[in-house]
K.L.:
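Provided herewith is a single structure, encoded as structure tokens, for subsequent inquiry.
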Amino acid sequence: MTAVPSITLNNGVQMPALGLGVFQTPPEETTAAVLAALEVGYTHVDTAASYANERGVGDALRQSSLDRSEVFVETKVWISDYGYDETLHAFEKSAGKLGVDQIDLLILHQALPSDFQKTLDAYRALETLLATGKVRAIGVSNFMVDHLDALREHATVVPAINQIEVHPYFAQRDVQARNAEQQILTQAWSPIGGITFYRDTGHGSTLQDPVIGEIADAHGKTAAQVMLRWHLQQGRAVVPKSTRPARIAENIDVFDFELSDEQLGAIDALDTARRGGPEPADITVETFARTIPEA
């Protein structure tokens with residue numbers, strides 16, 4: 001079983017540097033995927049209200065031999081539940097589905113530029129949940145530099161993390177730099193570039209990239225393992241997604257080798273500056289709203 005090192009968040013909470021992501025994991029497959037991960041050493045699961053699989057994560061927590069305190073649970077509030085009272089209730093919905101009293105990390109899933117006041121009100125609710133001990137840390141996701149700066153003017157708690165799309169073809173270095181300036185941890189979603197092969201992004205697959213492949217061959221590792229190592233060595237947290245036990249085990253087996261500065265630089269040079277996910281500026285309730293069911 002692999003032991004995953006922890007990263008200390010800006011409020012002193014320890015979070016495993018690598019966790020299992022369950023984006024697009026069907027609800028009926030979620031429990032098995034999480035259990036497979038917990039069995040090989042994962043102690044961090046990243047889900048979201050909008051993924052519609054929090055209940056499956058909760059089932060895995062209950063079925064696992066691990067104590068609740070041994071698993072770091074991260075989830076996200078969807079834009080449909082932004083607003084102060086709405087976000088307080090969003091916590092209750094997520095906690096109920098997860099079957100927990102306390103969530104380790106609760107973050108806002110997107111900025112809502114078309115109604116940023118609702119974003120601010122939602123974040124104020126996260127601050128209340130933190131102050132009352134219902135969550136251990138709070139953060140944001142897909143916040144760009146201008147969103148972070150606007151939040152900073154109003155928030156009393158600096159986000160612990162900003163979970164953003166980062167992979168070798170899209171590094172968002174400006175956002176990473178602002179995160180670092182504000183002592184916000186960058187957590188990478190799609191860390192092995194999954195979005196480059198399940199959505200038409202104009203890229204080829206990162207898994208087929210010859211530069212990454214050559215580095216993988218040199219270490220006797222896979223392309224996915226090299227990409228995860230690239231993140232970890234540069235100080236980012238990662239939440240790779242898979243439902244296959246073999247791939248889940250492969251993704252955690254990244255702590256027994258080290259990339260050289262030259263190899264890190266070669267991967268850095270692959271950045272195309274082309275986003276795979278939706279443009280954060282385009283997020284509106286009219287376009288992206290979905291009803292998050294009650295617990």
Side-chain angles (χ1 to χ4, degrees), residues 6-16 19 21-22 43-55 57-58 61 67-112 115-143 147-148 150-164 179 182-185 187 189 237 239 283 285 289-295:
S6 290
I7 296 176
T8 302
L9 302 179
N10 60 19
N11 67 345
V13 167
Q14 298 282 307
M15 183 186 79
V22 295
T43 54
H44 177 187
V45 182
D46 170 63
T47 182
S50 66
Y51 296 172
N53 58 19
E54 289 174 311
R55 207 176 302 279
V57 172
L61 294 177
D67 186 78
R68 165 68 189 97
S69 64
E70 297 179 86
V71 183
F72 191 97
V73 178
E74 173 180 1
T75 193
K76 310 174 192 72
V77 180
W78 188 241
I79 58 171
S80 306
D81 286 339
Y82 282 11
Y84 184 76
D85 290 335
E86 294 90 338
T87 299
L88 291 178
H89 185 57
F91 163 83
E92 299 296 341
K93 290 196 284 189
S94 287
K97 291 169 190 170
L98 290 163
V100 301
D101 297 320
Q102 183 186 59
I103 292 171
D104 296 292
L105 175 60
L106 185 61
I107 66 179
L108 300 184
H109 205 142
Q110 301 274 355
L112 189 56
D115 191 350
F116 201 72
Q117 185 57 51
K118 267 196 167 181
T119 308
L120 295 175
D121 291 342
Y123 193 80
R124 186 162 54 89
L126 295 191
E127 293 177 327
T128 296
L129 292 165
L130 180 68
T132 56
K134 291 188 174 182
V135 300
R136 298 175 61 221
I138 61 176
V140 296
S141 179
N142 300 305
F143 271 48
H147 305 141
L148 292 172
L151 181 65
R152 189 175 190 178
E153 292 181 13
H154 299 274
T156 58
V157 177
V158 176
I161 76 156
N162 185 12
Q163 186 187 105
I164 59 175
N179 287 345
Q182 297 189 18
Q183 296 187 303
I184 301 168
L185 175 68
Q187 185 181 52
W189 66 258
V239 283
I283 301 296
V285 170
R290 66 191 69 174
T291 300
I292 304 300
E294 298 294 326

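Each residue takes its place number in the sequence, starting with 1. These numbers come from a predicted model, not from an experiment.
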K.L.:
Of all the heavy-atom pairs spanning Met15 and Ala237, show the shortest one and how long it is.
P.N.:
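What the structure gives for the nearest pair is CE-CB, 3.7 Å.
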
K.L.:
For the backbone of Gly133 and the side chain of Gln102, can you confirm whether one donor and one acceptor N or O come within less than 3.5 Å of each other?
P.N.:
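Here the side-chain-to-backbone pair exists.
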
K.L.:
With rounding to the nearest 0.5 angstrom, report the CD1 to CG distance, Ile184 to Asn10.
P.N.:
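One finds 7.5 Å between CD1 of Ile184 and CG of Asn10.
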
K.L.:
If you take all heavy atoms of Leu130 and Asn11, which pair is closest and at what distance?
P.N.:
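Scanning both residues completely, I find the closest heavy atoms to be CD1-ND2, 4.4 Å.
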
K.L.:
Is there a side-chain contact (heavy atoms from CB on, under 4.5 Å) between His147 and Thr119? Walk through the geometry before answering.
P.N.:
CA-CA 10 Å; His147 305 141; Thr119 308; over 6 Å; no

K.L.:
Quick test of your reading: applying ring-ring contact (aromatic ring centres under 6.0 Å, His included), list the pairs with at least one residue in residues 89-112, sequence neighbours left out, ordered by first then second residue.
P.N.:
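Matches after skipping sequence neighbours: Tyr51-His109, Trp78-His109.
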
K.L.:
For the atom pair CD1 (Ile164) and OG (Ser141), what is the distance rounded to the nearest 0.5 Å?
P.N.:
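Ile164 atom CD1 to Ser141 atom OG measures 8.5 Å (nearest 0.5 Å).
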
K.L.:
Identify the two heavy atoms, one from Ala48 and one from Asn53, that lie closest to each other, and give their separation to 0.1 Å.
P.N.:
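That closest heavy-atom pairing would be O-OD1, 4.4 Å.
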
K.L.:
Does a side-chain heavy-atom distance below 4.5 Å link Leu108 with Val77?
P.N.:
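Touching, per the 4.5 Å side-chain cut-off.
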
K.L.:
What is the minimum heavy-atom distance between Ala111 and Phe116, and which atoms define it?
P.N.:
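It is CB-CE1, 4.2 Å.
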
K.L.:
Return the set of residues passing salt bridge (Lys or Arg N to Asp or Glu O under 4.0 Å) with Arg136 (not counting sequence neighbours), or none when no residue passes.
P.N.:
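Once residues adjacent in sequence are excluded, the partners of Arg136 under the salt bridge (Lys or Arg N to Asp or Glu O under 4.0 Å) criterion are Asp104.
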
K.L.:
Restricting to non-hydrogen atoms, name the atom on Ala49 and the atom on Thr75 that form the minimum distance, rounded to 0.1 Å.
P.N.:
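Of all heavy-atom pairs spanning Ala49 and Thr75, the closest is N-OG1, 3.7 Å.
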
K.L.:
Any chance the side chains of Ser94 and Glu54 put a donor and an acceptor closer than 3.5 Å?
P.N.:
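Yes - a donor-acceptor pair under 3.5 Å links their side chains.
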
K.L.:
What is the distance from atom CG of Leu129 to atom CD1 of Ile103, rounded to the nearest 0.5 Å?
P.N.:
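Spacing of CG (Leu129) from CD1 (Ile103) equals 8.0 Å.
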
K.L.:
Please enumerate all residues that pass salt bridge (Lys or Arg N to Asp or Glu O under 4.0 Å) together with Lys118, with sequence neighbours excluded.
P.N.:
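Here no residue qualifies.
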
K.L.:
Given 3.5 Å as the limit, does a donor-acceptor pair link the side chain of Arg68 with the main chain of Val71, or not?
P.N.:
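Checking the backbone N and O of Val71 against the side chain of Arg68, a donor-acceptor pair under 3.5 Å is found.
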
K.L.:
If every non-hydrogen atom of Leu126 is compared with every non-hydrogen atom of Gly139, which pair is closest and at what distance?
P.N.:
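Closest approach of Leu126 to Gly139: CD1-O, 3.7 Å.
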
K.L.:
Decide yes or no on side-chain contact (heavy atoms from CB on, under 4.5 Å) for Lys76 and Ser50, but give the supporting numbers first.
P.N.:
CA-CA 8 Å; Lys76 310 174 192 72; Ser50 66; over 6 Å; no

K.L.:
Please report the C-alpha distance between Gln117 and Asp121 in whole Å, then the side-chain angles of each, then the deciding distance to 0.1 Å, and finally whether the side-chain contact (heavy atoms from CB on, under 4.5 Å) criterion is met.
P.N.:
CA-CA 6 Å; Gln117 185 57 51; Asp121 291 342; 2.9 Å; yes

K.L.:
Name all residues meeting the salt bridge (Lys or Arg N to Asp or Glu O under 4.0 Å) criterion together with Lys97; count only those two or more places apart in sequence or in a different chain, and write none if there are none.
P.N.:
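Here no residue qualifies.
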
K.L.:
Knowing that exactly one of Asn179, Val140, Ile138 qualifies, which makes a side-chain contact (heavy atoms from CB on, under 4.5 Å) with Pro159?
P.N.:
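Among the candidates, only Val140 passes.
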
K.L.:
For Tyr123, give me all partners under ring pair (Phe, Tyr, Trp, His ring centres under 6.0 Å), at least two apart in sequence or on another chain.
P.N.:
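Counting only residues at least two positions away or on another chain, Tyr123 forms no ring pair (Phe, Tyr, Trp, His ring centres under 6.0 Å).
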
K.L.:
For Glu70, which residues count as a salt bridge (Lys or Arg N to Asp or Glu O under 4.0 Å) partner, sequence neighbours excluded?
P.N.:
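In terms of salt bridge (Lys or Arg N to Asp or Glu O under 4.0 Å), with neighbours along the sequence ignored, Glu70 is linked to no residue.
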
K.L.:
With rounding to the nearest 0.5 Å, note down the distance linking CG in Leu88 to OG1 in Thr128.
P.N.:
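Here the interatomic distance stands at 6.0 Å.
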
K.L.:
Supply the atom-to-atom distance Ile107 CD1 to Asn142 CG, rounded to the nearest 0.5 angstrom.
P.N.:
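So the gap between those two atoms works out to 8.5 Å.
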
K.L.:
Do side-chain atoms of Thr87 reach the backbone of Asp81 as a donor and acceptor pair under 3.5 angstrom?
P.N.:
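Checking the backbone N and O of Asp81 against the side chain of Thr87, a donor-acceptor pair under 3.5 Å is found.
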
K.L.:
For the residue pair Gln163 and Val239, establish whether any side-chain heavy-atom pair is separated by less than 4.5 Å.
P.N.:
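Side chain of Gln163 against side chain of Val239, heavy atoms only: contact under 4.5 Å found.
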
K.L.:
Using only atom types and a distance under 3.5 Å, with no angle test, would you say the side chain of Ser80 pairs donor to acceptor with the backbone of Arg290?
P.N.:
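Confirmed, Ser80 side chain pairs with Arg290 backbone.
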
K.L.:
Apply side-chain contact (heavy atoms from CB on, under 4.5 Å) to residues Val13 and Thr8 and explain how you reach the verdict.
P.N.:
CA-CA 6 Å; Val13 167; Thr8 302; over 6 Å; no

K.L.:
Say whether, by atom type as modelled, one donor and one acceptor occur between the side chain of Arg55 and the main chain of Ala295 under 3.5 angstrom.
P.N.:
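Yes; judged by distance alone, with no hydrogens or angles, the pair exists.
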
K.L.:
Is the shortest side-chain heavy-atom distance between Leu112 and Val285 below 4.5 Å?
P.N.:
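Yes; the side chains approach each other to less than 4.5 Å.
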
K.L.:
So, does Lys134 use its side chain to make a donor-acceptor pair with the main chain of Asp101 at under 3.5 Å?
P.N.:
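Answer holds: no.
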
K.L.:
Drop me the distance from Leu185's CG to Ile7's CD1, to the nearest 0.5 angstrom.
P.N.:
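If we round to the nearest 0.5 Å, Leu185:CG and Ile7:CD1 are 5.0 Å apart.
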
